[in-house]
Amino acid sequence: MQRRLWKLIPLTVVALLCSASLYNRLSAEETSETVAPPPEQPFAIVAVASIERMLNALDFSFEAADRMAASEAIGGYMEKAGDLKGMDQRQGFGVMIFLAGITPEPIGFVPVENINDLLKTIEIGPFTTKKIDDEHYELKQNGESIFVKTVGRYAFFSNDETALDREFPDPGPMTAALAADYDVAAMLNLASLPDDKRDIFATLLKASADTNLQRRDNEPESAHRVRKALGENNARLLEQVLRQSQDLTVGWKMLPQQRKAALEIRIRARPGSELAMIYEELQTGRSQFTNFLKGDAPLTFASTWKLDKPGQEAFGEIVQVLEDSIPAAAEEDAADDPVARLFRAARGTVATGQLDFALRFLGEPGGPFVLAGGLKVKDGRAMQEGLSELCLYWLETGAFSDVEIDADEHNGIQFHRLEVREGGRGSERVYGGPPSMYLGVDDTTLWMAIGGDTALPRLFEQIDALAEPVEQPLPAVPLQFVVNIADWTSLRGEDEGGENNRGGRFFERVNEAFTQDNAALRVDIKSIKDGVRLRLEFEEGFIRFFGMSLARRLMRE
């Protein structure tokens, strides 16, 4: 990398300094302590690994985008700022957030090599600087003040002078721990919250959830029941995370050697807590769709999710809402009704505590595509007759324009065809024409496909693949989502846009950035020690697109 890239972005420190002025601190609580307390741990920290790492990440982005001239532009900005002399380019910097009651109190920090050189750099900002004593300084800009306190190798700053009247923990170990995994990261130190503060936040969370889950004007009762069941379950999980978690980290990192980048969210629970056990059990199940998920596809969405008891109750309520909407199944004397048996089997599936399904778009770039998938069920045989009755009911209610019972058969599975009402131009592009939905069920799986004439043949291929021996079982993944952007942009019509169309110019840049080999976005959830990790992995096309966009703005300015 050229030497000019190993310089600082001048606006970085200025932005951190200015951000402190956006907050106001509550009056400090009086204390009668005569012995200096141990350093207060921040509730949260936002940290950049180092200036060098940041510039390496930018360099990778511009190199991937073939826009190295943008590095020259950044070098020009840095030279105008005197290279921000005085900061240690090898150490992390960022913001610590303390709590005054429940109000956030941000304190910025930067690593210092020479405080006098750093003050001269800041004056280019432009700030005026004033030395108060050997440790304290005041920066002024547009009539507002930012106060600085130097401690060891760091300078701490805030818009509230009294906010600096504390003993600060050394940011070095904290930033180093985050930098070991990420270029930029934010961590909530939930372990620093005493139980009374957790109770306050939990009460506020519950009050907000209760308000949002009220029935809305003109909202159907069935829709409200489904939204309420899911909302209450999500609120319960959030409250559990708040009460039983140690920390929550969001981190971004560039992976130049792999030509990728990743965004991760990690939550660690208190060891031995109920939440820790839930995370540990996430990957105890094995999916029956291992062969179904092999190979690339325009889009894949699959889950092998372990449901706890409240989760089973939430999904059970959704099944009940669906059953209540079918008159035949809702009648008291409908014990032997096929549709009622279908919903009993659905509730039995939920009661197993394991949600196992896979859904994929299949096809070649440019389409047409077929959406095919399956859901593991406990008693598919009990669903078979009820499924055909349910299809006829949907025809009566106008949900579909036509229904054909037993339209086709494969491996003893009877498939029903449901003609989807007009889906519009986009639907025809995806499926190659007006799509139909196909449903069928065997002893263990409810199968579904949406598409044109190739829908059933594609689905039959997947069913056959599922019956083959599994040579290399995939690791259990509670949830995974994979999409290839290039497959979907290929569906865009050549007649759309044009030179003077902003959308057209945007897609020109998209087409330049993405190819079939670099356009995948992968999302997955997996268990880690005492916790869980959500990871979004971006292939090089995304980095290239980001570098192109950033370079375009830099060069324009």
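These numbers were taken from a predicted model, which means no experiment stands behind them.
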*Asks:* Just verifying a value: how many Å separate Lys228 NZ and Ile318 CD1, rounded to the nearest 0.5 Å?
*Replies:* 13.5 Å

*Asks:* Between Arg344 and Asp379, is there a salt bridge with N-O shorter than 4.0 Å?
*Replies:* no

*Asks:* With distance as the sole test, does Asp406 use its side chain to make a donor-acceptor pair with the main-chain N or O of Ser388 at under 3.5 Å?
*Replies:* no

*Asks:* Just how far is it from atom CZ of Arg347 to atom NZ of Lys378, taken to the nearest 0.5 Å?
*Replies:* 12.0 Å

*Asks:* Taking 4.0 angstrom as the limit, do Asp530 and Arg270 come out as a salt bridge?
*Replies:* no

*Asks:* State whether Arg268 and Asp247 are salt-bridged, where the test is any N-O pair (Lys NZ or Arg NE/NH1/NH2 against Asp/Glu carboxylate O) under 4.0 Å.
*Replies:* yes

*Asks:* Kindly write out the residues that satisfy side-chain contact (heavy atoms from CB on, under 4.5 Å) with Lys306, not counting sequence neighbours, or none if the list is empty.
*Replies:* Glu281, Thr284, Gln354

*Asks:* Excluding sequence neighbours, so at least two apart, what forms ring-ring contact (aromatic ring centres under 6.0 Å, His included) with Phe460?
*Replies:* His410, Phe415

*Asks:* Tell me, please, which residues at least two apart from Asp453 pass side-chain contact (heavy atoms from CB on, under 4.5 Å).
*Replies:* none

*Asks:* Could you pull out every donor-acceptor pair under 3.5 Å between side chains of residues 360-374 and any protein atom, sequence neighbours left out?
*Replies:*
unit_1: Arg360; atom_1: NE; unit_2: Thr300; atom_2: OG1; d: 2.9
unit_1: Arg360; atom_1: NH1; unit_2: Phe292; atom_2: O; d: 3.1
unit_1: Arg360; atom_1: NH1; unit_2: Lys294; atom_2: O; d: 3.0
unit_1: Arg360; atom_1: NH2; unit_2: Gly295; atom_2: O; d: 2.6
unit_1: Arg360; atom_1: NH2; unit_2: Thr300; atom_2: OG1; d: 3.2

*Asks:* I'd like to check the side-chain contact (heavy atoms from CB on, under 4.5 Å) partners of Asp66; sequence neighbours left out, ordered by chain and number.
*Replies:* Arg544

*Asks:* Using the benzene-type ring in the case of Trp, are the ring centres of Phe400 and Tyr393 under 6.0 Å apart?
*Replies:* no

*Asks:* Does any N or O in the side chain of Thr349 come within less than 3.5 Å of the main-chain N or O of Ala345, such that one atom is a donor and the other an acceptor?
*Replies:* yes

*Asks:* Hey, could you give me the CD/OG distance between Gln320 and Ser325, rounded to the nearest 0.5 Å?
*Replies:* 10.0 Å

*Asks:* Tell me, please, which residues at least two apart from Asn189 pass side-chain hydrogen bond (donor to acceptor under 3.5 Å, both in side chains).
*Replies:* none

*Asks:* Considering residues at least two apart in sequence or located in another chain, which fulfil the side-chain contact (heavy atoms from CB on, under 4.5 Å) criterion with Val532?
*Replies:* Ile267, Tyr279, Leu282, Ile525

*Asks:* Any chance you could measure Leu255, atom CG, to Arg259, atom CZ, to the nearest 0.5 Å?
*Replies:* 11.0 Å

*Asks:* Looking at Arg215, I want to see if its CZ is surrounded by more than 12 non-hydrogen atoms of other residues, nucleotides or ligands under 6.0 Å.
*Replies:* yes

*Asks:* Who are the ring-ring contact (aromatic ring centres under 6.0 Å, His included) partners of Phe481, not counting sequence neighbours?
*Replies:* none

*Asks:* Do the side-chain N and O atoms of Gln516 and Asp487 include a donor-acceptor pair separated by under 3.5 angstrom?
*Replies:* yes

*Asks:* Is it the case that over 12 heavy atoms from other parts of the model lie below 6.0 angstrom from the CD atom of Glu280?
*Replies:* no

*Asks:* When you look at CD of Glu409, are more than 12 heavy atoms from neighbouring residues, nucleotides or ligands closer to it than 6.0 Å?
*Replies:* yes

*Asks:* Kindly say whether Val321 contributes a backbone atom to a donor-acceptor pair with the side chain of Asp324 at under 3.5 angstrom?
*Replies:* no

*Asks:* Is there any ring pair (Phe, Tyr, Trp, His ring centres under 6.0 Å) pair reaching into residues 211-252, and which pairs are they, with sequence neighbours excluded?
*Replies:* Trp252-Phe538

*Asks:* Going by the rule ring-ring contact (aromatic ring centres under 6.0 Å, His included), which residues pair with Phe514 if we only count those two or more places apart in sequence or in a different chain?
*Replies:* Phe542

*Asks:* Within the side chain of Glu404, is there an N or O that forms a donor-acceptor pair under 3.5 Å with the backbone of Arg417?
*Replies:* no

*Asks:* Under 3.5 Å, side chain of Asn511 to main-chain N/O of Phe507, donor-acceptor pair present?
*Replies:* yes

*Asks:* Would Asp337 and Arg341 pass as an ion pair if we require N to O under 4.0 Å?
*Replies:* no

*Asks:* Just jot down the side-chain hydrogen bond (donor to acceptor under 3.5 Å, both in side chains) partners of Arg266, sequence neighbours excluded, or say none.
*Replies:* Asp181, Tyr182

*Asks:* Measure the CG-SG distance between Leu418 and Cys391 for me, rounded to the nearest 0.5 Å.
*Replies:* 4.5 Å

*Asks:* Test ring pair (Phe, Tyr, Trp, His ring centres under 6.0 Å) on Phe289 and Phe357 and set out the steps.
*Replies:* CA-CA 7 Å; Phe289 297 102; Phe357 73 87; 8.3 Å; no

*Asks:* Are Glu512 and Arg67 ion-paired here, with the side-chain N under 4.0 Å from a carboxylate O?
*Replies:* yes

*Asks:* Measure the spacing between CZ of Arg509 and CZ of Phe545 and express it to the nearest 0.5 Å.
*Replies:* 6.0 Å

*Asks:* Check this for me: does any side-chain nitrogen of one of Glu539 and Arg522 sit under 4.0 Å from a carboxylate oxygen of the other?
*Replies:* yes

*Asks:* Are side-chain N/O atoms of Ser436 and Glu419 paired as donor and acceptor at under 3.5 Å?
*Replies:* no

*Asks:* Checking Glu313 now: which residues fulfil side-chain hydrogen bond (donor to acceptor under 3.5 Å, both in side chains) with it, not counting sequence neighbours?
*Replies:* none

*Asks:* Any ion pair linking Arg53 and Asp183 (charged N to carboxylate O, less than 4.0 Å)?
*Replies:* yes

